[in-house]
There are 2 protein chains.
Amino acid sequence: MALRHAVLAALLDGELSGYQLTKAFDIGVANFWHAQPQQLYAELTRLEKDGLIAGRSVVQETRPTKRLFQVTDAGLAELEEFTAAFAKPSFIRDDLLVKVQAADHVDKKTLIAQLSERATFAEAKIQLFGKLLRKMRGDRTEEEFLRHGHRIGPYLTCLRGLALEQGNRDWCERTITVLRERRHHHARH
Amino acid sequence: MALRHAVLAALLDGELSGYQLTKAFDIGVANFWHAQPQQLYAELTRLEKDGLIAGRSVVQETRPTKRLFQVTDAGLAELEEFTAAFAKPSFIRDDLLVKVQAADHVDKKTLIAQLSERATFAEAKIQLFGKLLRKMRGDRTEEEFLRHGHRIGPYLTCLRGLALEQGNRDWCERTITVLRERRHHHARH
DNA sequence: TGTGAGTACTCATTTTCATGACTATCATGG
DNA sequence: CCATGATAGTCATGAAAATGAGTACTCACA
(Lines give C-alpha, C1' and ligand atoms only; values in the text may rest on other atoms or scores of the structure.)
Protein backbone atom coordinates (compact mmCIF):
# COMPACT_ATOMS: atom_id res chain seq x y z
CA MET A 1 0.00 0.00 0.00
CA ALA A 2 2.58 2.54 -1.02
CA LEU A 3 0.95 3.93 -4.14
CA ARG A 4 -1.60 5.27 -1.70
CA HIS A 5 1.03 7.35 0.02
CA ALA A 6 2.74 8.32 -3.19
CA VAL A 7 -0.53 9.85 -4.35
CA LEU A 8 -0.98 11.64 -1.04
CA ALA A 9 2.55 13.02 -1.27
CA ALA A 10 1.98 14.19 -4.83
CA LEU A 11 -1.20 16.00 -3.84
CA LEU A 12 0.63 18.00 -1.17
CA ASP A 13 1.83 20.43 -3.81
CA GLY A 14 -1.72 21.58 -4.40
CA GLU A 15 -5.02 20.47 -5.78
CA LEU A 16 -4.73 18.17 -8.76
CA SER A 17 -7.18 16.33 -10.95
CA GLY A 18 -6.83 12.64 -11.68
CA TYR A 19 -5.72 13.49 -15.15
CA GLN A 20 -3.06 15.92 -13.97
CA LEU A 21 -1.85 13.24 -11.58
CA THR A 22 -1.47 10.76 -14.41
CA LYS A 23 0.63 13.33 -16.26
CA ALA A 24 2.87 13.67 -13.25
CA PHE A 25 3.08 9.91 -12.75
CA ASP A 26 3.48 8.58 -16.23
CA ILE A 27 6.55 9.20 -18.33
CA GLY A 28 8.78 9.57 -15.34
CA VAL A 29 8.34 13.18 -14.40
CA ALA A 30 7.37 11.72 -11.08
CA ASN A 31 10.84 10.86 -9.92
CA PHE A 32 9.71 9.09 -6.81
CA TRP A 33 7.08 6.65 -8.05
CA HIS A 34 5.43 5.42 -11.19
CA ALA A 35 1.91 4.19 -11.93
CA GLN A 36 -0.65 3.72 -14.68
CA PRO A 37 -3.63 6.05 -15.00
CA GLN A 38 -6.05 3.27 -14.10
CA GLN A 39 -4.26 2.61 -10.84
CA LEU A 40 -4.30 6.30 -9.99
CA TYR A 41 -8.00 6.78 -10.61
CA ALA A 42 -8.76 3.67 -8.59
CA GLU A 43 -6.54 4.88 -5.77
CA LEU A 44 -8.12 8.34 -5.78
CA THR A 45 -11.55 6.76 -5.42
CA ARG A 46 -10.36 4.68 -2.49
CA LEU A 47 -8.57 7.61 -0.84
CA GLU A 48 -11.68 9.73 -1.06
CA LYS A 49 -13.86 6.95 0.31
CA ASP A 50 -11.46 6.69 3.27
CA GLY A 51 -11.57 10.43 3.82
CA LEU A 52 -7.85 10.99 3.24
CA ILE A 53 -8.49 13.32 0.34
CA ALA A 54 -11.41 15.57 -0.57
CA GLY A 55 -12.54 16.07 -4.13
CA ARG A 56 -14.55 18.84 -5.69
CA SER A 57 -15.99 18.95 -9.19
CA VAL A 58 -14.97 21.78 -11.47
CA VAL A 59 -17.22 22.33 -14.47
CA GLN A 60 -15.33 23.66 -17.47
CA GLU A 61 -16.89 25.27 -20.50
CA THR A 62 -14.65 23.91 -23.17
CA ARG A 63 -13.43 20.71 -21.54
CA PRO A 64 -14.98 17.80 -19.66
CA THR A 65 -15.77 18.38 -16.02
CA LYS A 66 -12.87 17.40 -13.81
CA ARG A 67 -12.47 16.64 -10.14
CA LEU A 68 -9.77 18.33 -8.10
CA PHE A 69 -8.46 16.59 -5.01
CA GLN A 70 -6.71 17.84 -1.95
CA VAL A 71 -5.29 16.12 1.10
CA THR A 72 -7.39 16.27 4.27
CA ASP A 73 -6.12 16.42 7.85
CA ALA A 74 -6.75 12.70 8.09
CA GLY A 75 -4.61 12.30 4.98
CA LEU A 76 -1.79 14.28 6.56
CA ALA A 77 -2.01 12.12 9.66
CA GLU A 78 -1.84 9.02 7.49
CA LEU A 79 1.30 10.35 5.80
CA GLU A 80 2.85 11.10 9.15
CA GLU A 81 2.21 7.54 10.24
CA PHE A 82 3.59 6.20 7.00
CA THR A 83 6.76 8.22 7.43
CA ALA A 84 7.36 6.75 10.85
CA ALA A 85 6.77 3.17 9.67
CA PHE A 86 9.48 0.81 8.49
CA ALA A 87 10.44 1.21 4.85
CA LYS A 88 11.55 -1.94 3.15
CA PRO A 89 14.80 -1.24 1.32
CA SER A 90 13.96 -1.03 -2.33
CA PHE A 91 15.53 -3.43 -4.76
CA ILE A 92 16.54 -3.03 -8.35
CA ARG A 93 14.44 -4.73 -10.94
CA ASP A 94 15.64 -3.87 -14.36
CA ASP A 95 15.41 -5.82 -17.61
CA LEU A 96 18.62 -4.25 -18.81
CA LEU A 97 20.59 -5.56 -15.86
CA VAL A 98 19.27 -9.04 -16.53
CA LYS A 99 20.54 -8.75 -20.07
CA VAL A 100 23.97 -7.59 -18.94
CA GLN A 101 24.11 -10.39 -16.39
CA ALA A 102 23.88 -12.74 -19.37
CA ALA A 103 26.42 -10.66 -21.33
CA ASP A 104 28.90 -13.51 -21.77
CA HIS A 105 26.30 -15.71 -23.44
CA VAL A 106 24.38 -13.40 -25.74
CA ASP A 107 25.09 -11.33 -28.81
CA LYS A 108 27.24 -8.35 -27.85
CA LYS A 109 26.03 -6.14 -30.65
CA THR A 110 22.42 -6.44 -29.58
CA LEU A 111 23.38 -5.75 -26.02
CA ILE A 112 25.38 -2.66 -26.96
CA ALA A 113 22.39 -1.35 -28.90
CA GLN A 114 20.19 -1.75 -25.83
CA LEU A 115 22.72 -0.04 -23.59
CA SER A 116 23.09 2.78 -26.03
CA GLU A 117 19.34 3.28 -26.17
CA ARG A 118 19.18 3.40 -22.41
CA ALA A 119 22.04 5.89 -22.24
CA THR A 120 20.16 8.20 -24.60
CA PHE A 121 17.01 7.84 -22.54
CA ALA A 122 18.96 8.60 -19.37
CA GLU A 123 20.49 11.68 -20.95
CA ALA A 124 17.03 12.96 -21.85
CA LYS A 125 15.86 12.51 -18.30
CA ILE A 126 18.96 14.25 -17.00
CA GLN A 127 18.09 17.28 -19.11
CA LEU A 128 14.50 17.14 -17.93
CA PHE A 129 15.46 16.90 -14.27
CA GLY A 130 17.91 19.76 -14.73
CA LYS A 131 15.14 21.94 -16.07
CA LEU A 132 12.77 20.93 -13.30
CA LEU A 133 15.33 21.73 -10.64
CA ARG A 134 16.11 25.14 -12.12
CA LYS A 135 12.42 25.89 -12.31
CA MET A 136 11.85 24.92 -8.69
CA ARG A 137 14.71 26.94 -7.26
CA GLY A 138 14.11 29.97 -9.46
CA ASP A 139 17.01 32.39 -9.41
CA ARG A 140 18.41 31.15 -6.14
CA THR A 141 21.42 28.85 -5.86
CA GLU A 142 20.76 25.30 -4.79
CA GLU A 143 22.26 25.92 -1.36
CA GLU A 144 20.14 29.03 -0.91
CA PHE A 145 16.99 27.25 -1.98
CA LEU A 146 17.51 24.18 0.17
CA ARG A 147 18.20 26.37 3.19
CA HIS A 148 15.28 28.75 2.90
CA GLY A 149 12.95 27.53 0.16
CA HIS A 150 9.50 26.51 1.27
CA ARG A 151 8.87 23.19 -0.48
CA ILE A 152 12.03 21.26 -0.78
CA GLY A 153 10.53 17.74 -0.79
CA PRO A 154 10.02 17.56 -4.55
CA TYR A 155 13.42 19.17 -5.09
CA LEU A 156 15.17 16.55 -2.98
CA THR A 157 13.48 13.62 -4.70
CA CYS A 158 14.31 15.19 -8.03
CA LEU A 159 17.96 15.32 -7.00
CA ARG A 160 17.85 11.58 -6.37
CA GLY A 161 16.25 11.02 -9.75
CA LEU A 162 18.94 13.10 -11.40
CA ALA A 163 21.78 11.24 -9.71
CA LEU A 164 20.17 7.93 -10.58
CA GLU A 165 19.97 8.76 -14.25
CA GLN A 166 23.51 10.06 -14.26
CA GLY A 167 24.53 6.75 -12.73
CA ASN A 168 22.58 4.92 -15.40
CA ARG A 169 24.18 6.89 -18.20
CA ASP A 170 27.71 6.50 -16.86
CA TRP A 171 27.29 2.79 -16.27
CA CYS A 172 25.80 2.25 -19.72
CA GLU A 173 28.69 4.08 -21.34
CA ARG A 174 31.28 2.23 -19.30
CA THR A 175 29.66 -1.11 -20.09
CA ILE A 176 29.50 -0.30 -23.79
CA THR A 177 33.21 0.54 -23.79
CA VAL A 178 34.06 -2.72 -22.05
CA LEU A 179 31.97 -4.81 -24.42
CA ARG A 180 33.40 -3.05 -27.50
CA GLU A 181 36.96 -3.60 -26.39
CA ARG A 182 36.28 -7.27 -25.85
CA ARG A 183 34.68 -7.57 -29.26
CA HIS A 184 37.77 -6.13 -30.90
CA HIS A 185 40.08 -8.24 -28.83
CA HIS A 186 38.24 -11.46 -29.60
CA ALA A 187 37.98 -10.55 -33.27
CA ARG A 188 41.77 -10.67 -33.46
CA HIS A 189 41.87 -14.32 -32.38
CA MET B 1 7.74 -12.10 -17.57
CA ALA B 2 11.13 -10.87 -16.53
CA LEU B 3 11.70 -12.98 -13.44
CA ARG B 4 11.80 -15.82 -15.92
CA HIS B 5 14.81 -14.32 -17.64
CA ALA B 6 16.43 -13.24 -14.43
CA VAL B 7 16.42 -16.87 -13.32
CA LEU B 8 17.84 -18.00 -16.65
CA ALA B 9 20.59 -15.39 -16.40
CA ALA B 10 21.41 -16.48 -12.87
CA LEU B 11 21.68 -20.12 -13.92
CA LEU B 12 24.25 -19.28 -16.59
CA ASP B 13 26.97 -19.29 -13.97
CA GLY B 14 26.50 -23.00 -13.47
CA GLU B 15 24.09 -25.54 -12.14
CA LEU B 16 22.19 -24.37 -9.12
CA SER B 17 19.49 -25.84 -6.93
CA GLY B 18 16.33 -23.91 -6.14
CA TYR B 19 17.62 -23.37 -2.65
CA GLN B 20 20.94 -22.01 -3.85
CA LEU B 21 19.05 -19.70 -6.16
CA THR B 22 17.03 -18.31 -3.28
CA LYS B 23 20.27 -17.61 -1.45
CA ALA B 24 21.54 -15.68 -4.45
CA PHE B 25 18.28 -13.80 -4.86
CA ASP B 26 17.39 -12.88 -1.33
CA ILE B 27 19.58 -10.55 0.67
CA GLY B 28 20.66 -8.57 -2.32
CA VAL B 29 23.55 -10.61 -3.58
CA ALA B 30 21.48 -10.64 -6.70
CA ASN B 31 22.22 -7.09 -7.66
CA PHE B 32 20.04 -7.23 -10.71
CA TRP B 33 16.77 -8.66 -9.48
CA HIS B 34 14.98 -9.70 -6.33
CA ALA B 35 12.40 -12.39 -5.64
CA GLN B 36 10.95 -14.56 -2.90
CA PRO B 37 11.84 -18.25 -2.67
CA GLN B 38 8.27 -19.27 -3.55
CA GLN B 39 8.38 -17.30 -6.75
CA LEU B 40 11.69 -18.88 -7.67
CA TYR B 41 10.54 -22.43 -7.11
CA ALA B 42 7.39 -21.76 -9.10
CA GLU B 43 9.40 -20.21 -11.89
CA LEU B 44 11.83 -23.13 -11.97
CA THR B 45 8.92 -25.54 -12.36
CA ARG B 46 7.54 -23.51 -15.24
CA LEU B 47 10.92 -23.13 -16.92
CA GLU B 48 11.50 -26.87 -16.77
CA LYS B 49 8.05 -27.59 -18.14
CA ASP B 50 8.82 -25.27 -21.05
CA GLY B 51 12.14 -26.96 -21.67
CA LEU B 52 14.25 -23.87 -21.04
CA ILE B 53 16.10 -25.49 -18.19
CA ALA B 54 16.87 -29.11 -17.37
CA GLY B 55 16.85 -30.40 -13.84
CA ARG B 56 18.49 -33.45 -12.37
CA SER B 57 18.01 -34.88 -8.92
CA VAL B 58 21.01 -35.25 -6.69
CA VAL B 59 20.59 -37.60 -3.75
CA GLN B 60 22.67 -36.54 -0.78
CA GLU B 61 23.51 -38.69 2.21
CA THR B 62 23.44 -36.12 4.88
CA ARG B 63 20.99 -33.59 3.39
CA PRO B 64 17.65 -33.70 1.59
CA THR B 65 17.72 -34.59 -2.08
CA LYS B 66 18.02 -31.51 -4.21
CA ARG B 67 17.45 -30.72 -7.85
CA LEU B 68 20.13 -28.97 -9.86
CA PHE B 69 19.10 -26.97 -12.89
CA GLN B 70 20.98 -25.87 -15.95
CA VAL B 71 20.00 -23.79 -18.94
CA THR B 72 19.23 -25.70 -22.13
CA ASP B 73 19.89 -24.56 -25.69
CA ALA B 74 16.24 -23.51 -25.89
CA GLY B 75 16.83 -21.47 -22.76
CA LEU B 76 19.83 -19.75 -24.32
CA ALA B 77 17.78 -18.96 -27.41
CA GLU B 78 15.06 -17.52 -25.20
CA LEU B 79 17.62 -15.29 -23.48
CA GLU B 80 18.96 -14.17 -26.82
CA GLU B 81 15.47 -13.22 -27.89
CA PHE B 82 14.86 -11.43 -24.62
CA THR B 83 18.06 -9.44 -25.05
CA ALA B 84 16.97 -8.24 -28.45
CA ALA B 85 13.50 -7.25 -27.27
CA PHE B 86 12.54 -3.81 -26.04
CA ALA B 87 13.33 -3.17 -22.40
CA LYS B 88 10.95 -0.86 -20.66
CA PRO B 89 12.98 1.76 -18.82
CA SER B 90 12.83 0.85 -15.17
CA PHE B 91 11.31 3.28 -12.73
CA ILE B 92 12.05 4.05 -9.16
CA ARG B 93 9.60 2.85 -6.61
CA ASP B 94 10.85 3.59 -3.18
CA ASP B 95 8.98 4.23 0.06
CA LEU B 96 11.76 6.47 1.26
CA LEU B 97 11.43 8.82 -1.71
CA VAL B 98 7.71 9.11 -1.06
CA LYS B 99 8.50 10.14 2.49
CA VAL B 100 11.02 12.74 1.37
CA GLN B 101 8.57 14.06 -1.21
CA ALA B 102 6.33 14.87 1.75
CA ALA B 103 9.27 16.28 3.73
CA ASP B 104 7.76 19.74 4.16
CA HIS B 105 4.65 18.34 5.80
CA VAL B 106 5.89 15.62 8.11
CA ASP B 107 8.04 15.37 11.20
CA LYS B 108 11.68 16.03 10.27
CA LYS B 109 13.13 14.01 13.09
CA THR B 110 11.31 10.86 12.01
CA LEU B 111 12.40 11.44 8.45
CA ILE B 112 16.02 11.91 9.42
CA ALA B 113 15.91 8.66 11.36
CA GLN B 114 14.63 6.83 8.29
CA LEU B 115 17.27 8.39 6.06
CA SER B 116 19.97 7.52 8.52
CA GLU B 117 18.83 3.91 8.65
CA ARG B 118 18.90 3.71 4.88
CA ALA B 119 22.36 5.24 4.72
CA THR B 120 23.62 2.55 7.08
CA PHE B 121 21.98 -0.14 5.00
CA ALA B 122 23.51 1.30 1.84
CA GLU B 123 26.94 1.38 3.43
CA ALA B 124 26.62 -2.29 4.33
CA LYS B 125 25.74 -3.18 0.76
CA ILE B 126 28.63 -1.11 -0.53
CA GLN B 127 30.99 -3.19 1.60
CA LEU B 128 29.33 -6.38 0.40
CA PHE B 129 29.55 -5.40 -3.26
CA GLY B 130 33.18 -4.40 -2.80
CA LYS B 131 33.97 -7.84 -1.44
CA LEU B 132 32.06 -9.56 -4.23
CA LEU B 133 33.88 -7.57 -6.89
CA ARG B 134 37.29 -8.32 -5.38
CA LYS B 135 36.38 -11.98 -5.22
CA MET B 136 35.26 -12.08 -8.84
CA ARG B 137 38.32 -10.37 -10.26
CA GLY B 138 40.78 -12.22 -8.05
CA ASP B 139 44.22 -10.63 -8.08
CA ARG B 140 43.71 -8.82 -11.35
CA THR B 141 42.95 -5.13 -11.61
CA GLU B 142 39.46 -4.20 -12.69
CA GLU B 143 40.69 -3.09 -16.13
CA GLU B 144 42.58 -6.34 -16.59
CA PHE B 145 39.63 -8.43 -15.53
CA LEU B 146 37.09 -6.63 -17.68
CA ARG B 147 39.35 -6.93 -20.70
CA HIS B 148 40.26 -10.59 -20.42
CA GLY B 149 38.16 -12.19 -17.70
CA HIS B 150 35.74 -14.86 -18.84
CA ARG B 151 32.48 -14.02 -17.10
CA ILE B 152 32.09 -10.34 -16.78
CA GLY B 153 28.27 -10.18 -16.79
CA PRO B 154 27.88 -10.59 -13.03
CA TYR B 155 30.77 -8.19 -12.46
CA LEU B 156 29.17 -5.49 -14.57
CA THR B 157 25.79 -5.78 -12.86
CA CYS B 158 27.54 -5.72 -9.52
CA LEU B 159 29.23 -2.46 -10.53
CA ARG B 160 25.81 -0.95 -11.16
CA GLY B 161 24.60 -2.19 -7.80
CA LEU B 162 27.61 -0.63 -6.12
CA ALA B 163 27.15 2.74 -7.81
CA LEU B 164 23.47 2.69 -6.97
CA GLU B 165 24.11 2.14 -3.28
CA GLN B 166 26.80 4.80 -3.24
CA GLY B 167 24.25 7.13 -4.77
CA ASN B 168 21.75 6.14 -2.13
CA ARG B 169 24.19 6.75 0.68
CA ASP B 170 25.36 10.10 -0.64
CA TRP B 171 21.83 11.30 -1.24
CA CYS B 172 20.68 10.20 2.21
CA GLU B 173 23.56 12.04 3.84
CA ARG B 174 23.01 15.16 1.80
CA THR B 175 19.29 15.11 2.58
CA ILE B 176 19.93 14.61 6.27
CA THR B 177 22.27 17.60 6.28
CA VAL B 178 19.71 19.77 4.54
CA LEU B 179 16.91 18.77 6.90
CA ARG B 180 19.11 19.31 9.98
CA GLU B 181 20.15 22.76 8.88
CA ARG B 182 16.54 23.72 8.33
CA ARG B 183 15.59 22.38 11.73
CA HIS B 184 18.21 24.56 13.41
CA HIS B 185 17.31 27.55 11.32
CA HIS B 186 13.63 27.26 12.08
CA ALA B 187 14.32 26.61 15.74
CA ARG B 188 15.89 30.06 15.95
CA HIS B 189 12.65 31.73 14.81
C1' DT C 1 -14.88 16.95 -43.31
C1' DG C 2 -12.53 13.85 -41.06
C1' DT C 3 -8.22 12.60 -38.76
C1' DG C 4 -5.37 12.77 -35.04
C1' DA C 5 -4.14 14.56 -30.62
C1' DG C 6 -5.37 16.18 -26.12
C1' DT C 7 -8.53 16.17 -21.98
C1' DA C 8 -10.87 13.38 -18.52
C1' DC C 9 -12.04 9.17 -17.04
C1' DT C 10 -13.98 3.99 -16.33
C1' DC C 11 -14.34 -1.14 -16.48
C1' DA C 12 -12.66 -5.73 -16.67
C1' DT C 13 -9.12 -9.11 -16.69
C1' DT C 14 -4.74 -11.07 -16.11
C1' DT C 15 -0.23 -11.36 -14.45
C1' DT C 16 2.88 -10.79 -11.08
C1' DC C 17 4.34 -10.25 -6.32
C1' DA C 18 4.23 -10.83 -1.54
C1' DT C 19 2.76 -13.34 2.78
C1' DG C 20 2.18 -16.71 5.98
C1' DA C 21 2.10 -21.28 7.12
C1' DC C 22 3.80 -25.99 6.57
C1' DT C 23 6.84 -30.51 5.96
C1' DA C 24 11.15 -32.84 6.42
C1' DT C 25 16.07 -34.00 7.71
C1' DC C 26 20.56 -33.07 9.67
C1' DA C 27 24.19 -30.68 12.40
C1' DT C 28 25.69 -27.91 16.16
C1' DG C 29 25.88 -25.98 20.67
C1' DG C 30 24.72 -25.79 25.28
C1' DC D 1 18.36 -34.07 25.25
C1' DC D 2 16.43 -30.13 23.40
C1' DA D 3 16.59 -25.88 20.85
C1' DT D 4 18.25 -23.53 17.03
C1' DG D 5 19.59 -22.94 12.42
C1' DA D 6 20.73 -24.54 7.89
C1' DT D 7 19.19 -27.32 3.96
C1' DA D 8 15.49 -28.19 0.54
C1' DG D 9 11.51 -27.43 -0.55
C1' DT D 10 5.56 -26.94 -1.12
C1' DC D 11 0.80 -24.89 -0.76
C1' DA D 12 -2.63 -21.43 -0.52
C1' DT D 13 -4.21 -16.80 -0.48
C1' DG D 14 -4.39 -12.05 -1.12
C1' DA D 15 -2.67 -7.58 -2.61
C1' DA D 16 -0.61 -4.90 -6.09
C1' DA D 17 0.48 -3.88 -10.64
C1' DA D 18 0.10 -4.19 -15.57
C1' DT D 19 -2.79 -4.62 -19.76
C1' DG D 20 -6.45 -3.96 -22.95
C1' DA D 21 -10.43 -1.85 -24.30
C1' DG D 22 -13.83 1.68 -24.27
C1' DT D 23 -16.49 6.41 -23.60
C1' DA D 24 -17.04 11.14 -24.70
C1' DC D 25 -16.04 15.69 -25.89
C1' DT D 26 -12.95 19.45 -28.04
C1' DC D 27 -9.54 21.63 -30.86
C1' DA D 28 -6.23 22.26 -34.53
C1' DC D 29 -4.90 21.11 -39.01
C1' DA D 30 -5.16 19.82 -43.76
Side-chain angles (χ1 to χ4, degrees), chain A residues 1-8 15-30 33-50 53 55-69 82 85-95 98, chain B residues 1-7 15-30 33-50 53 55-69 85-95 98:
Chain A
M1 291 227 261
L3 171 60
R4 193 178 186 72
H5 302 99
V7 170
L8 280 176
E15 275 187 326
L16 286 177
S17 70
Y19 189 75
Q20 286 174 297
L21 254 192
T22 68
K23 290 298 142 191
F25 270 74
D26 68 356
I27 325 179
V29 178
W33 204 265
H34 176 255
Q36 305 302 124
Q38 296 93 327
Q39 288 174 261
L40 292 172
Y41 282 114
E43 198 59 56
L44 284 171
T45 306
R46 248 170 286 151
L47 280 166
E48 195 184 18
K49 200 188 67 201
D50 296 346
I53 60 175
R56 60 186 185 94
S57 289
V58 173
V59 181
Q60 301 172 111
E61 284 150 37
T62 153
R63 288 160 198 294
T65 299
K66 64 181 174 184
R67 304 201 63 210
L68 293 180
F69 295 94
F82 172 72
F86 172 75
K88 44 187 167 192
S90 68
F91 291 101
I92 318 179
R93 194 165 273 182
D94 190 336
D95 283 4
V98 174
Chain B
M1 291 224 260
L3 172 60
R4 194 178 186 73
H5 301 101
V7 170
E15 276 187 324
L16 287 176
S17 69
Y19 189 75
Q20 287 174 297
L21 253 192
T22 68
K23 290 298 141 191
F25 269 74
D26 68 357
I27 324 178
V29 178
W33 205 266
H34 176 255
Q36 304 302 124
Q38 296 92 327
Q39 287 175 261
L40 292 174
Y41 282 114
E43 198 58 56
L44 283 172
T45 307
R46 248 171 284 150
L47 280 166
E48 195 184 19
K49 201 188 66 201
D50 296 346
I53 59 175
R56 59 184 185 94
S57 289
V58 174
V59 180
Q60 301 172 111
E61 284 151 36
T62 152
R63 287 160 198 295
T65 299
K66 64 181 172 182
R67 305 201 62 212
L68 292 180
F69 296 94
F86 172 76
K88 44 188 168 190
S90 68
F91 291 102
I92 318 177
R93 194 165 273 181
D94 189 336
D95 283 4
V98 175

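Lettering of chains follows the sequences in order, A, B, ..., and the numbering in each one begins at 1.
- For B:Tyr41 and D:dT10, the shortest distance from a side-chain N or O to OP1 or OP2 is not below 4.0 Å.
- Every residue two or more places apart in sequence or in another chain that forms a side chain to side chain contact (heavy atoms under 4.5 Å, CB included) with B:Glu15 is listed here: B:Arg56, B:Leu68, B:Gln70.
- Residue A:Ser17 places none of its side-chain N or O atoms closer than 4.0 Å to OP1 or OP2 of C:dT7.
- Atom CZ of B:Arg4 and atom C1' of C:dT16 are 13 Å apart (whole Å).
- The CG atom of A:Leu21 lies 12.5 Å from the CD atom of A:Gln39; values are rounded to the nearest 0.5 Å.
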Could you write out each protein N or O paired with an N or O of nucleotides 2-7 of chain D at a distance under 3.5 Å?
residue	atom	partner	partner atom	Å
D:dT7	OP2	B:Tyr19	OH	3.0

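- When each of D:dA8, D:dA18, C:dA18 is scored by its nearest atom to the side-chain atoms of A:Arg93, the top-ranked nucleotide is C:dA18.
- Of the residues near DNA chain D, A:Glu61 and A:Ala35, the one whose nearest nucleotide (by heavy atom distance) lies more toward the 5' end is A:Ala35.
- Taking the side chain of B:Gln39 as heavy atoms from C-beta on, and the options D:dA17, D:dT19, C:dA18, the nearest nucleotide is C:dA18.
- Rounded to whole Å, the distance from CD on B:Gln36 to P on D:dG14 is 18 Å.
- Considering every non-hydrogen atom in both A:Phe25 and A:Ala6, the closest pair reads CZ-O, 3.9 Å.
- Atom C1' of nucleotide C:dC17 and atom CH2 of B:Trp33 are separated by 11 Å, given to the nearest angstrom.
- Closest approach of B:Ser90 to A:Arg93, counting heavy atoms only: CB-O, 3.9 Å.
- Distance check, rounded to the nearest 0.5 Å: CG of B:Leu44 to CZ of B:Phe69 gives 5.0 Å.
- Residue A:Leu40 contributes atom CG, which lies 11 Å from atom P of D:dA18 at whole-angstrom precision.
- A straight line from CZ of A:Phe25 to P of D:dA16 spans 15 Å, rounded to a whole angstrom.
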Mind running side chain to side chain contact (heavy atoms under 4.5 Å, CB included) on B:Tyr19 and B:Leu40 for me, showing each step along the way?
CA-CA 9 Å; B:Tyr19 189 75; B:Leu40 292 174; over 6 Å; no
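- Summarising the geometry, the separation between CZ on A:Arg67 and C1' on C:dT7 is reported as 17 Å, rounded to the nearest angstrom.
- The two atoms that bring B:Arg67 and B:Ser57 nearest to each other are NE-OG, 3.7 Å, heavy atoms only.
- Contact annotation: B:Thr22 does not reach the phosphate of D:dA8 (side-chain N/O to OP1 or OP2, under 4.0 Å).
- Between A:Glu43 atom CD and C:dT10 atom P the separation is 14 Å, expressed in whole Å.
- Closest approach to the A:Gln38 side chain among C:dT10, D:dC11, C:dC17 is made by C:dT10 (side chain taken as heavy atoms from C-beta onward).
- Distance A:Leu16 CG to C:dT7 C1': 15 Å, rounded to the nearest Å.
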